[in-house]
Amino acid sequence: VHGAVHEQAAVDHDLRSDSIAAVPHQDTPAVADDEILDFPRGPAAGECLHTLFELADFSVDVGWRAAAETALHQHRAGLPAEAEPGQRARMLQRLLGDVTAVPLPLGTPTPLRLATLPLKRRIVEMEFHLPSHRVTAAALNSLLADAGLAMPTLGFRPLQGFLKGFVDLVFEHEGRWFVLDWKSNHLGRSARDYGAVSMQAAMAEHGYTLQALLYTVALDRLLRLRLPAYDPALHLGGAVYLFVRGLRPGWTEPGGAPCGMVLQRAPAALVRRLSGMLDGHEVSA
């Protein structure tokens with residue numbers, strides 16, 4: 001993915017973002033001291049937020065402060081000095097409360113609130129390996145274009161080996177399985193900055209559409225091995241991308257959909273085609 005022509009392709013965990021603090025706008029009302037939009041940016045901040053969601057039990061808030069303090073301690077070397085002791089821990093606890101409270105429309109009979117997702121229905125940081133037999137940039141660009149997925153143009157030497165990755169979260173809801181990726185990108189300070197238009201632009205600009213598709217292929221392969229009577233049409237839910245700084249109660253689109261969320265549901269035929277390409281043979285669209 002780093003072979004994409006676009007300089008900012010495939011940014012993850014804010015790894016290529018400048019490590020700068022958010023600057024309050026002039027002539028704007030004072031914000032709460034636990035506002036996550038004022039949390040630092042940059043690689044260490046992105047990893048800190050990922051660690052927070054990895055450690056926290058969404059359904060039990062008793063341990064959230066400990067999870068926040070552990071995440072901050074693990075990444076303290078990369079974060080600027082804290083102006084007020086304990087402020088960032090409060091930011092992270094509020095973030096957990098906001099993100100886990102928002103109803104997420106997943107195409108299931110009822111939306112999911114992460115606060116109702118127990119540990120037994122979660123797989124955290126699932127490692128996967130996908131074959132890459134003679135995969136070329138031209139073939140992959142063609143597949144993405146045929147599928148109508150916006151992406152920077154990829155350019156890399158033919159791949160021969162394996163692709164290794166980690167999915168932030170795999171979970172089941174109402175009989176469907178999903179992959180979820182936490183995104184810590186700071187896109188602005190208003191609900192509009194985390195609306196559908198901005199989300200889709202960020203997905204395309206950073207190459208997240210391809211990342212989501214690869215994660216879906218990995219999930220599809222896992223379910224084919226582990227789930228009896230697996231049927232992608234019934235069981236494969238898709239890829240959920242949560243831009244967590246903009247996911248909060250009250251921040252919604254005009255139609256009621258939450259800001260800060262993207263659900264990418266790849267057609268089964270597209271998943272089969274990419275899976276076949278990785279195995280070294282072509283599957284018709």
Side-chain angles (χ1 to χ4, degrees), residues 1-2 4 6-56 64 67-100 102 125 152 166 168-169 180-195 197-208 211-212 240-248 251 258-262:
V1 179
H2 283 279
H6 195 296
E7 182 181 349
Q8 289 294 316
V11 177
D12 193 17
H13 296 201
D14 290 348
L15 289 180
R16 298 184 191 173
S17 301
D18 293 331
S19 182
I20 57 176
V23 179
H25 294 291
Q26 294 181 351
D27 302 323
T28 57
V31 297
D33 70 348
D34 59 356
E35 173 56 66
I36 195 62
L37 295 176
D38 292 329
F39 193 80
R41 310 179 202 177
E47 294 292 345
C48 180
L49 295 183
H50 277 76
T51 300
L52 173 74
F53 286 103
E54 180 181 346
L55 295 176
W64 288 1
E69 291 175 345
T70 299
L72 289 167
H73 178 75
Q74 289 184 8
H75 303 285
R76 65 189 185 283
L79 297 174
E82 189 171 18
E84 178 186 340
Q87 181 181 25
R88 288 181 186 158
R90 293 193 296 274
M91 288 179 176
L92 297 187
Q93 289 176 86
R94 176 184 169 185
L95 176 67
L96 281 171
D98 285 347
V99 169
T100 59
V102 175
E125 290 292 320
F166 295 86
D168 287 346
L169 183 66
L180 186 151
D181 200 80
W182 312 107
K183 291 303 180 191
S184 57
N185 309 54
H186 192 296
L187 302 177
R189 300 189 66 87
S190 71
R192 183 178 180 180
D193 295 322
Y194 298 87
V197 174
S198 296
M199 296 297 92
Q200 292 297 341
M203 293 288 290
E205 178 184 3
H206 300 314
Y208 297 157
Q211 181 188 42
V240 182
Y241 274 56
L242 298 183
F243 291 75
V244 295
R245 294 187 195 244
L247 188 71
R248 63 183 71 194
W251 278 24
C259 295
M261 173 191 168
V262 175

Student: Can you find a heavy atom in the side chain of C48 that is under 4.5 Å from one in the side chain of R88?
Tutor: no
Student: Do L95 and F39 come close enough that some side-chain heavy atom pair is under 4.5 Å?
Tutor: no
Student: Side chains of V244 and F53: closer than 4.5 Å at any heavy-atom pair?
Tutor: yes
Student: For residues P152 and A204, report the shortest heavy-atom separation together with the two atoms involved.
Tutor: CD-O, 3.1 Å
Student: Are the side chain of Y241 and the backbone of G260 linked by a donor-acceptor contact shorter than 3.5 Å?
Tutor: no
Student: Kindly give the heavy-atom pair with the smallest separation between L55 and A71, and that separation in Å.
Tutor: CD1-N, 4.4 Å
Student: Could you tell me the separation between the OG atom of S198 and the CE atom of M203, rounded to the nearest 0.5 Å?
Tutor: 13.5 Å
Student: Considering only NZ, NE, NH1 and NH2 on the basic side and carboxylate oxygens on the acidic side, decide whether D193 and R189 come within less than 4.0 Å.
Tutor: no
Student: Should the pair R245-E35 be classified as a salt bridge under the 4.0 Å nitrogen-to-oxygen rule?
Tutor: no
Student: Is the shortest heavy-atom distance from the side chain of L242 to the side chain of L180 under 4.5 Å?
Tutor: yes
Student: Find the distance between NZ (K183) and CG (L49) and round it off to the nearest 0.5 Å.
Tutor: 12.5 Å
Student: Kindly say whether G188 contributes a backbone atom to a donor-acceptor pair with the side chain of Y194 at under 3.5 angstrom?
Tutor: yes
Student: Is the shortest side-chain heavy-atom distance between V99 and W182 below 4.5 Å?
Tutor: yes
Student: Under a 3.5 Å threshold, yes or no: a donor from one side chain and an acceptor from the other, between S184 and H50?
Tutor: no
Student: List the atom of A191, the atom of C259, and the distance in Å for their closest heavy-atom pair.
Tutor: O-SG, 3.6 Å
Student: Is the side chain of H75 donor-acceptor paired with the backbone N or O of A45 at a distance under 3.5 Å, no angle test?
Tutor: no
Student: Are the side chain of Q87 and the backbone of D33 linked by a donor-acceptor contact shorter than 3.5 Å?
Tutor: yes
Student: Quick one: does L72's side chain get under 4.5 Å of L92's, heavy atoms only?
Tutor: yes
Student: Report the distance from atom CG of L247 to atom CE of M199, rounding to the nearest 0.5 Å.
Tutor: 10.0 Å
Student: Flag the pair R94 / R248 as yes when at least one side-chain heavy-atom distance between them is below 4.5 Å, and no otherwise.
Tutor: yes
Student: Does D34 come within less than 4.0 Å of R90, counting only side-chain N to carboxylate O?
Tutor: no
Student: Would you compute the distance between atom CE of M261 and atom CZ of F243 and round it to the nearest 0.5 angstrom?
Tutor: 12.0 Å
Student: Any salt bridge between E69 and R76, counting N to O under 4.0 Å?
Tutor: no
